[in-house]
Amino acid sequence: MNNITLKLDKFNTKKELHGYLKKKLKFPDYYGENLDALFDCLTDISTDTAVDIRYDAENEFQKTVLKVFSDAVSQNTHLAIIKTKVNKKKPE
C-alpha cells in the first residue's frame, strides 16, 4: 500500500497546489492541472493508496480539492483518504 501525506495548507495558489499534487501523487506529464484532471487521475489509481490530506479549513479552494478526493474515493476502491483540518491563525 502507498501512504502519502499531502499538506495542502502550505499553498496559496491553484497553480502551486496542482504542481504539488502532480509531484506527490506521481501523475503523468499530461495531467491538466485542473479539478477534472485531478478526478480523472485519482480514479485511475490502480494500487491501494491511502492519502492523509491536511488542509486549511478556511480555504475554499482546498475544501473543493478535498471534495474531488472524496468523490474519487467513491469511484475507486484502491483509494482511501484521511482528512485533517489545519486552522491557520490569521495575523492580528
Side-chain angles (χ1 to χ4, degrees):
M1 173 176 285
N2 293 327
N3 294 300
I4 301 167
T5 299
L6 296 177
K7 298 178 181 177
L8 304 186
D9 60 303
K10 304 293 182 195
F11 298 92
N12 294 316
T13 69
K14 293 177 185 181
K15 183 171 178 59
E16 289 174 332
L17 183 56
H18 279 292
Y20 174 73
L21 292 172
K22 180 179 179 180
K23 181 178 178 180
K24 288 288 286 188
L25 296 168
K26 299 179 182 170
F27 286 160
D29 289 339
Y30 59 81
Y31 172 62
E33 297 192 9
N34 61 60
L35 296 175
D36 289 333
L38 175 60
F39 179 83
D40 291 343
C41 285
L42 290 173
T43 55
D44 284 345
I45 291 173
S46 59
T47 303
D48 289 346
T49 303
V51 184
D52 180 3
I53 305 171
R54 298 173 188 196
Y55 68 101
D56 179 357
E58 302 297 320
N59 185 298
E60 291 302 317
F61 182 67
Q62 290 177 25
K63 290 192 292 188
T64 301
V65 168
L66 192 65
K67 170 108 174 62
V68 172
F69 271 88
S70 295
D71 291 346
V73 165
S74 72
Q75 301 292 316
N76 186 345
T77 58
H78 296 289
L79 182 63
I81 60 172
I82 301 164
K83 306 171 194 175
T84 306
K85 283 184 189 178
V86 176
N87 292 312
K88 287 194 164 186
K89 299 213 187 270
K90 296 182 179 171
E92 294 182 26

Residues two or more places apart in sequence or in another chain: which of them pass ring pair (Phe, Tyr, Trp, His ring centres under 6.0 Å) with F11?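 Testing F11 for ring pair (Phe, Tyr, Trp, His ring centres under 6.0 Å), a comparison that skips the adjacent residues, returns Y20.
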
Side chain to side chain donor-acceptor pair (under 3.5 Å) against [X], all qualifying residues, sequence neighbours excluded:
| X | answer |
| --- | --- |
| N2 | none |
| D48 | H78 |
| K63 | E60 |

Tell me, please, which residues at least two apart from N59 pass side-chain contact (heavy atoms from CB on, under 4.5 Å).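 In terms of side-chain contact (heavy atoms from CB on, under 4.5 Å), with neighbours along the sequence ignored, N59 is linked to D56, F61, Q62.
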
Sequence neighbours excluded, the answer for side-chain contact (heavy atoms from CB on, under 4.5 Å) partners of L66 is I53, Y55, K83

Rounded distance [0.5 Å steps], CG in L25 versus CD1 in I4: 5.0 Å

Does anything in residues 22-31 pair up under side-chain hydrogen bond (donor to acceptor under 3.5 Å, both in side chains), and if so which pairs, sequence neighbours excluded? H18-Y31

Restricting to pairs with a member in residues 3-14, which pass side-chain hydrogen bond (donor to acceptor under 3.5 Å, both in side chains), not counting sequence neighbours? T13-E16

Just list the side-chain donor-acceptor pairs under 3.5 Å for residues 35-44, sequence neighbours left out, or say none.
| unit_1 | atom_1 | unit_2 | atom_2 | d |
| --- | --- | --- | --- | --- |
| T43 | OG1 | F39 | O | 3.0 |
| T43 | OG1 | D40 | O | 3.0 |

Note, L8 side chain near V86 side chain (heavy atom, < 4.5 Å):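 L8 vs V86: side chains apart.
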
Enumerate the residue pairs fulfilling salt bridge (Lys or Arg N to Asp or Glu O under 4.0 Å) with a member in residues 65-77, sequence neighbours excluded, ordered by first and then second residue.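 Qualifying pairs: K67-D71.
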
